[in-house]
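I have a structure here, written as structure tokens, and I will follow up with some questions on it.
Just the heavy atoms: all of them, side chains too, but no hydrogens, waters or symmetry mates, feed the values below. We're numbering straight along the sequence, starting at 1. Everything quoted here is computed from the prediction, not taken from an experiment.
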Amino acid sequence: KQQKFKTFKINPLINMKIVGNPEYKIFQEEKKIEISFKSNIDKVIFYDSNIDGWNIVGKARKDLIPIKENTRIDKILLTGSLVIQDSILKDLKISFENGINEDSINIIRSSGSIDKINVRDSFQDSIDLDYSSLNINDIQVERSGNDCLDLSSGNYFVNNLVSMQCKDKGLSAGEGSKITINNLVVQKSSMAIVIKDSSRAKILDGKVENSDI
């Protein structure tokens, strides 16, 4: 059965569509959006938007059972719970808790600046950044079932990155991506840093603790 979108406008500059029936609250004056994911098919996608100074908060129910088979195959070709695509970002704040899809947060073909990303307790990847150009001040990730931060084909600057308890990689850069990190901390992870597929990483200050590789 084909999944269907429901489309909304948060304001004249922000477009949102949803799959399933996630609950959401919009606080226009505070520039805040709270999203509650109620089932394992729920997704929220921001697209063709200019998102300036907003705080997006996502949280899934702890008792949801992830779809473990073919998690990379999706009828709408999106594997993230909270997706931002084809958008311009400025001073954005994003957080997510209890992710149950292939990616908790997936940003695709977007550019600009992000102030903070906080993710906890992801089933698979916590943060997946694809084909984007982003300047990010602070990333904090804790307890990820796969990669904490996964990069593909883009240019990225991160001032501060903390990855803790990643079952696979603390930082994974692939598909020709380029990343510069001022401060990196990886703790209690399988592999701390993996750079592949002709990617490049410049890490100015880093610390790896209690990690296998």
State yes or no: do L78 and I127 share one hydrophobic cluster built from I, L, V, M, F, W and Y residues joined by side-chain heavy-atom distances below 4.5 Å, directly or via other members?
-> no
Should the pair E97-R120 be classified as a salt bridge under the 4.0 Å nitrogen-to-oxygen rule?
-> yes
Could you tell me whether K169 and D147 make a salt bridge, using a distance below 4.0 angstrom between a side-chain N and a carboxylate O?
-> yes
Kindly compute the distance separating CZ (F96) from NZ (K59), expressed to the nearest 0.5 Å.
-> 11.0 Å
Can T79 and D103 be counted as having a side-chain donor-acceptor contact under 3.5 angstrom?
-> yes
Is there a chain of hydrophobic side chains (I, L, V, M, F, W, Y, each step under 4.5 Å between heavy atoms) that links V83 to I94?
-> no
Residues N182 and N159: side-chain donor-acceptor under 3.5 angstrom = yes
Is it the case that E209 and Q187 place a side-chain donor and acceptor less than 3.5 Å from each other?
-> yes
When clusters are formed by joining ILVMFWY residues with side-chain heavy atoms under 4.5 Å apart, either directly or through shared neighbours, do Y156 and I195 land in the same one?
-> yes
Do L184 and L204 belong together in a cluster built from hydrophobic side chains that touch within less than 4.5 Å?
-> no
Are any of the side-chain heavy atoms of V185 and L161 separated by less than 4.5 Å?
-> no
Side-chain donor-acceptor pair under 3.5 Å between D125 and N146, yes or no?
-> yes
Would you kindly say whether N101 and S81 are connected by a side-chain donor-acceptor distance under 3.5 Å?
-> yes
Taking it one step at a time, do F8 and F46 satisfy ring pair (Phe, Tyr, Trp, His ring centres under 6.0 Å)?
-> CA-CA 10 Å; F8 307 88; F46 296 91; over 10 Å; no
Any donor-acceptor pair under 3.5 Å linking the side chain of N183 with the backbone of D205?
-> no
Do Y24 and F37 have ring centroids that are under 6.0 Å from one another?
-> no
Assess the side chains of S111 and S133: does a donor N or O sit below 3.5 Å from an acceptor N or O?
-> no
Is a donor on one side and an acceptor on the other found under 3.5 Å between the side chain of N98 and the backbone of A60?
-> yes
Is the closest side-chain donor-acceptor distance between K38 and S36 under 3.5 Å?
-> yes
In terms of hydrophobic clustering (I, L, V, M, F, W, Y; side-chain heavy atoms under 4.5 Å; direct or indirect links), are I108 and I117 co-clustered?
-> no
Output yes when a side-chain donor or acceptor of D42 lies under 3.5 Å from a complementary backbone atom of N21, and no otherwise.
-> yes
